[in-house]
Amino acid sequence: PAPPPRHVTRPSVPTGLRATGLRARSVGLSWTGSTDPGPGVTVSDTFNRANGGLGSAWTGTSGTFQIVNQHVELGAADTLTVARLATWGGTGDQWAEVTVNVTGAASGGGPVVRVNAGGDNLYLVDYNGRADHKLYRVLGGTFVALGGWTTPASPGDVVRLEAIGTTIRVLVNGVQKVAVSNAEVSGGTPGIYAYVAAGQTVQLDTFAASSAGGGPVPVFREIPGDL
């Protein structure tokens with residue numbers, strides 16, 4: 001599981017300093033104070049529990065995942081399957097990662113981010129057995145490839161998908177594979193995706209997701225003072 005995020009984001013710079021209530025011996029000052037998004041949230045799941053459904057922490061948006069021998073497999077072949085976290089306290093600036101084991105040229109899986117409630121808007125990584133990996137933008141159920149790479153998959157690869165502002169990145173074992181700018185999908189929740197053809201295998205394990213803190217709220221202050 002990923003460690004809790006360090007709080008490294010600097011507060012914003014105060015703005016709008018102005019004098020109010022100017023008098024002979026005093027002046028009031030007001031400004032928009034600094035804001036701080038906070039340390040954010042981190043969620044992880046090792047799937048180390050009894051065989052069966054993913055549990056109440058997850059919500060399926062298409063198809064069905066199941067836990068088999070402490071990892072995740074698909075409930076049925078030839079079905080695009082997506083599940084997202086049931087609750088999410090973070091923002092749309094988020095990342096998700098999962099360990100992927102895949103065999104077969106027609107099968108793949110990976111993390112998803114910014115998944116909406118209906119599951120038809122999201123960013124998705126298809127990390128597959130044919131070494132034709134893709135980052136997709138899905139909008140209204142329509143898939144558009146934003147980038148890809150061709151390094152063959154190895155058992156135990158950790159695939160990470162980040163969406164920070166308009167920067168969408170994919171990393172495998174900490175090495176960047178794709179980085180693009182796209183603003184078509186916002187908000188939403190992290191999760192997992194997989195597709196498996198009959199007779200092939202996709203296994204997902206050790207999921208983690210994190211987010212920056214909630215959006216900043218400006219603070220207005222007014223302080224009287226003697227001249």
Between CZ of F143 and NZ of K134, what distance do you get to the nearest 0.5 Å? 13.5 Å
Can a donor-acceptor pair be found, under 3.5 Å and without considering hydrogens, that links the side chain of T167 to the backbone of G165? no
Which one of V144, V180, I168 satisfies the side chain to side chain contact (heavy atoms under 4.5 Å, CB included) criterion with R137? V144
Is the backbone of V185 close enough, under 3.5 Å, to the side chain of R114 for a donor and an acceptor to pair up by distance? yes
If you group Ile, Leu, Val, Met, Phe, Trp and Tyr by side-chain heavy-atom gaps below 4.5 Å, do W95 and L124 land in one group? no
To the nearest 0.5 Å, what is the distance between OG1 (T99) and CG (N173)? 8.5 Å
Are Y127 and V170 close enough, and set up right, to give a side chain to side chain contact (heavy atoms under 4.5 Å, CB included), and what steps lead you there? CA-CA 10 Å; Y127 195 67; V170 181; over 6 Å; no
Let me check something: do V178 and V98 share a hydrophobic cluster, defined by ILVMFWY side-chain heavy atoms less than 4.5 Å apart, either directly or through other members? yes
On a heavy-atom basis, the closest approach of W88 and S211 is CZ2-CB, 3.2 Å
Quick check: is I192 connected to V125 through a chain of hydrophobic side chains (ILVMFWY, heavy atoms under 4.5 Å apart)? yes
For S210 against V41, the heavy-atom pair lying closest together: OG-O, 2.9 Å
Determine yes or no for a side-chain-to-main-chain donor-acceptor pair under 3.5 angstrom, with E162 supplying the side chain and V113 the backbone. no
Considering non-hydrogen atoms only, spot the tightest contact between Q94 and T189 and give its length. OE1-C, 3.3 Å
Are V100 and V115 connected in the hydrophobic side-chain network, where two residues link if heavy atoms are under 4.5 Å apart? no
For S56 and A86 the tightest heavy-atom approach is O-CB, 3.4 Å
Any chance you could lay out the side chain to side chain contact (heavy atoms under 4.5 Å, CB included) test for T59 and L85, step after step, and finish with the verdict? CA-CA 6 Å; T59 297; L85 294 171; over 6 Å; no
Can a donor-acceptor pair be found, under 3.5 Å and without considering hydrogens, that links the side chain of R49 to the backbone of L54? yes
Residue pair K177, H133: steps toward the side chain to side chain contact (heavy atoms under 4.5 Å, CB included) verdict: CA-CA 10 Å; K177 299 297 183 179; H133 317 296; over 6 Å; no
If you measure only the distance, is there a donor-acceptor pair under 3.5 Å linking the side chains of D126 and Y136? no
For T81, does its backbone N or O pair with a side-chain atom of T79 as donor and acceptor, under 3.5 Å? no
If only side-chain N and O atoms count, and only distance matters, is there a donor-acceptor pair under 3.5 Å linking Q176 with R169? yes
Looking only at non-hydrogen atoms, find the nearest pair between V112 and A83 and report the distance. CG2-O, 4.4 Å
Any luck finding a side-chain donor-acceptor pair between Y195 and N128 under 3.5 Å? no
Rounded to the nearest 0.5 Å, the CG atom of N182 sits from the OG1 atom of T166 at a distance of 8.5 Å
If we ignore hydrogens and angles and just use 3.5 Å, is the side chain of N121 paired with the main-chain N or O of N116 as donor and acceptor? no
Which donor-acceptor pairs under 3.5 Å do side chains of residues 197-205 form with protein atoms, sequence neighbours excluded?
{"unit_1": "Q200", "atom_1": "OE1", "unit_2": "A106", "atom_2": "N", "d": "3.1"}
{"unit_1": "Q200", "atom_1": "OE1", "unit_2": "S107", "atom_2": "N", "d": "3.4"}
{"unit_1": "Q200", "atom_1": "OE1", "unit_2": "S107", "atom_2": "OG", "d": "2.7"}
{"unit_1": "Q203", "atom_1": "NE2", "unit_2": "H71", "atom_2": "NE2", "d": "3.0"}
{"unit_1": "Q203", "atom_1": "NE2", "unit_2": "E73", "atom_2": "OE2", "d": "3.2"}

Can you find a side-chain donor-acceptor pair between T206 and T46 that sits under 3.5 Å? no
For the residue pair Y123 and L146, establish whether any side-chain heavy-atom pair is separated by less than 4.5 Å. yes
Enumerate donor-acceptor pairs with a distance under 3.5 Å from any side-chain N or O in residues 61-69 to protein atoms, sequence neighbours excluded.
{"unit_1": "T61", "atom_1": "OG1", "unit_2": "V82", "atom_2": "O", "d": "3.3"}
{"unit_1": "S62", "atom_1": "OG", "unit_2": "L80", "atom_2": "O", "d": "3.2"}
{"unit_1": "S62", "atom_1": "OG", "unit_2": "V82", "atom_2": "N", "d": "3.3"}

Does one hydrophobic cluster hold both V43 and L161, with members joined at side-chain heavy-atom distances below 4.5 Å? yes
Is the backbone of A105 close enough, under 3.5 Å, to the side chain of R130 for a donor and an acceptor to pair up by distance? yes
Anything under 30° is parallel, anything over 60° is perpendicular, the rest tilted; go ahead and classify W58 against F207. perpendicular
Which atoms form the tightest heavy-atom contact between A131 and P152, and what is the distance? CB-CA, 3.9 Å
Measure the shortest side-chain to side-chain distance between T151 and V172 over non-hydrogen atoms and say whether it is less than 4.5 angstrom. no
